[in-house]
Amino acid sequence: MSKVETQAMSEPLAPPWGWRGHGTGRAAHIEPAPEFQATTSQVCGLYPFTAGSGTPTIGTPVGRHQLWGEVVCLDPLAWLREGLVTNPGMFVLGQPGTGKSTLVKRLVTGAVATGTTPIILGDTKPDYTRLVDYLGGQVIRVGRGVDRINPLDAGPLEDARRRLTGTDAETLRWEVRSRRLSLLLALATLVREARITNAEEVVLGRAIDLLDERLDHEPTIPDVLHVLEQGPDELRSATRTDTGESYRAQTRDLVFTLDLLISGSLAGVFDAATTRPLNLDAPAISVDISRVRAAGDKLLTAAMLCTWAYAFGMVDAATALTDLHAARRRSYLGVMDELWRALRGAPGLVEHADALTRLNRAKGMASIMITHSLADLDALATEEDRAKAKGFADRSAITVLAGLPPRELARVHEITPLTGPEQQLVTSWSAPDSWQPGARHPGRGKYLIKTGERLGIPIELSLVGPEAHLYDTDQAIRATA
């Protein structure tokens, strides 16, 4: 050992903050080391022992990871394209006020930026109108005295059918017929609060066929009612009756059911041609049905069902035109908020909604379903409906959980497996831990993203720029205060 090394070892080491005393250079405060964030491809040149966290960076930035601060991105369609998930279905679950719609609005904004067309399938509050207006999209306001929707309107699907010939035209004709009959049956079930009989379904189908042959425009519910009251030979044959009196007795209940659709509580909304068709060239579309809430749940459910069927029909039409090389291929993001309000209107409505949404992947359409609690399933009329409704969450490849109580997480665990720490984390977001006025809710803007058996990704979303104004759903409350 050299003399210099021996001397260095014999000298005492300075404490971390330096020697005490005047002129010794002691530090009164030690600043923390600066932190920098970058990708592993950049940082590896400075410090080659870094490793990525593995969170997805494909899609719309939705927040930072709560444990290590890395940016997390989410987009059902982008994740499907990259093989991260097997279907573009997304299910958002959380207590009111935890920010479910805020997250979805961020995804809507990101969808517009990447060329996907978001369609708000029945905005009941409305929560999305301000954002869609800001993005330059189309807002359709459904209600008495404003816009109307014709439940039997096939839109561009009918135009595409008229442009085809041969087998393709026949296939599309049956698709249009099936959609019209399916929605008409759903609306009739809703107002009757019971299922339509097999005989009545046969009569309605034949009436739609007659109108398709006779009319040069889209049929409406008043057209169907009129042809039923006329009772032509084709309909009498469908009812297996020989006299006008027996025909009227056979169709009496069905006539009154259809009459309720255009003269009862639903009058002025679904009894005429569509006033403002959906513009699929718009950056975003919102169908605002908040004006029908005052008429009760029945009208609101009918409005949601018609909106869903009409919008999905428009998407199908766009897909058919693309297959004919008559339009460019598009992708869509369907947002279905207040999901369970549309499902509990009457027995059998779940089956109708299930048929509409099951094949979204083939249409290039992602779907986001939003609700407060899986306990809403218990309000559905039959066990069959409850089982099918549970399938909505089960089929969604992506589940996003906001603040939820333990009893709710037990239900979620039956569909999406959750670890103990994940359940504790989501539960900690469900309620404030103090009574301090003005305190921020612990779950506001915090979400757990789950996909299958993978560990969840806990994120926290921070609003930027005009988002604080555009995404705010409590402005009316603060204005009143």
Side-chain angles (χ1 to χ4, degrees), residues 59-60 62 74-80 87-94 96 98-142 149 278-280 282-290 300-301 303-315 318 330-343 353 356-358 360-361 363-372 392-393 395-400 402 447 449 461 467 470-473:
T60 303
V62 292
L74 175 62
D75 182 333
L77 285 172
W79 282 22
L80 178 65
N87 71 76
M90 179 172 161
F91 199 85
V92 182
L93 188 66
T98 52
K100 299 186 301 299
S101 63
T102 297
L103 174 67
V104 175
K105 288 172 187 174
R106 170 67 68 83
L107 295 176
V108 166
T109 304
V112 172
T114 55
T116 298
T117 303
I119 306 177
I120 314 303
L121 300 170
D123 191 357
T124 60
K125 295 178 182 177
D127 277 345
Y128 300 86
T129 297
R130 188 186 303 115
L131 174 61
V132 173
D133 276 334
Y134 180 83
L135 297 174
Q138 179 192 32
V139 177
I140 300 174
R141 295 173 172 84
V142 177
I149 292 181
L278 269 65
N279 178 18
L280 294 183
I285 303 170
S286 176
V287 183
D288 179 357
I289 59 175
S290 59
L300 187 64
T301 300
M304 294 182 77
L305 288 173
C306 289
T307 299
W308 293 0
Y310 183 58
F312 284 123
M314 295 286 285
V315 172
R330 299 173 180 269
S331 56
Y332 303 92
L333 177 66
V335 178
M336 307 169 76
D337 206 344
E338 297 288 336
L339 175 67
W340 307 115
R341 299 193 67 161
L343 302 183
L356 288 174
T357 60
R358 182 174 288 273
N360 282 349
R361 180 174 58 180
K363 308 170 189 175
M365 184 176 187
S367 62
I368 302 179
M369 299 182 177
I370 311 168
T371 192
H372 297 138
F392 286 130
R395 288 201 310 271
S396 297
I398 305 170
T399 302
V400 178
Y447 316 94
I449 303 174
L461 186 151
E467 287 184 318
L470 294 173
Y471 301 174
D472 188 4
T473 58

- Note on the structure: CD1 (Ile398) and CH2 (Trp79) are apart, to the nearest 0.5 Å, by 5.0 Å

- Side-chain heavy-atom pair Tyr128, Pro118 within 4.5 angstrom cut-off: no

- Who pairs with Thr109 by side-chain hydrogen bond (donor to acceptor under 3.5 Å, both in side chains), at least two apart in sequence or on another chain? Tyr471

- Are Met369 and Val92 side-chain neighbours, meaning at least one heavy-atom pair lies under 4.5 Å? no

- Would you confirm whether Trp308, through its side chain, and Leu121, through its main-chain N or O, come within 3.5 Å as a donor-acceptor pair? yes

- Task: With sequence neighbours left out, write down each residue that passes side-chain contact (heavy atoms from CB on, under 4.5 Å) with Thr60, or none if nothing qualifies.
- Result: Arg106, Leu107

- Task: Can you sort out the partners of Asp127 under salt bridge (charged side-chain N to carboxylate O under 4.0 Å, His left out), two or more places apart, ordered by chain and number?
- Result: Lys125

- Residues forming a side-chain contact (heavy atoms from CB on, under 4.5 Å) with Thr116, sequence neighbours excluded: Leu77, Ala111, Thr114, Ser331, Leu333

- Student check: side-chain heavy atoms of Thr399 and Leu93 closer than 4.5 Å: no

- Message: Could you measure the distance from the OG atom of Ser367 to the OH atom of Tyr332? Nearest 0.5 Å is fine.
- Response: 15.5 Å

- Locate the shortest heavy-atom distance separating Ala402 from Tyr447; write the atom from each residue and the value. CB-CD2, 4.1 Å

- Query: Do side-chain atoms of Arg395 reach the backbone of Asn87 as a donor and acceptor pair under 3.5 angstrom?
  - Reply: no

- Item | Atom pair CE (Met365) and CZ (Phe312), whose distance is rounded to the nearest 0.5 Å | 4.5 Å

- Can you find a heavy atom in the side chain of Val108 that is under 4.5 Å from one in the side chain of Ile120? yes

- Check: Asp288/Ser290 side-chain N/O donor and acceptor closer than 3.5 Å: yes

- Find the distance between CD1 (Ile285) and CD1 (Ile119) and round it off to the nearest 0.5 Å. 4.5 Å

- Test item: Asp337 and Thr124 side chains (from C-beta on) under 4.5 Å apart, heavy atoms: no

- Query: Within a strict 4.5 Å, meaning less than it, do heavy atoms of the Met90 and Val400 side chains meet?
  - Reply: yes

- Just grab all the side chain to side chain donor-acceptor pair (under 3.5 Å) pairs involving residues 132-142, residues at least two apart or on different chains. none

- Task: Sorted by first residue and then second, give each salt bridge (charged side-chain N to carboxylate O under 4.0 Å, His left out) pair with at least one member in residues 110-123; sequence neighbours left out.
- Result: none

- Closest non-hydrogen atom pair between Val112 and Pro283, with its separation: CG2-O, 3.6 Å

- Note on the structure: Tightest non-hydrogen contact, residues Val132 and Ser286, listed as CG2-CB, 3.7 Å

- Supply the atom-to-atom distance Ile140 CD1 to Ile149 CD1, rounded to the nearest 0.5 angstrom. 6.5 Å

- Minimal non-hydrogen separation, Ile368 against Val104, with atom names: CG2-CG2, 4.0 Å

- Item | Atom of Pro76, atom of Pro88 and distance for their closest heavy-atom approach | CB-O, 3.5 Å

- Item | NZ-NZ distance between Lys105 and Lys100, expressed to the nearest 0.5 angstrom | 11.0 Å

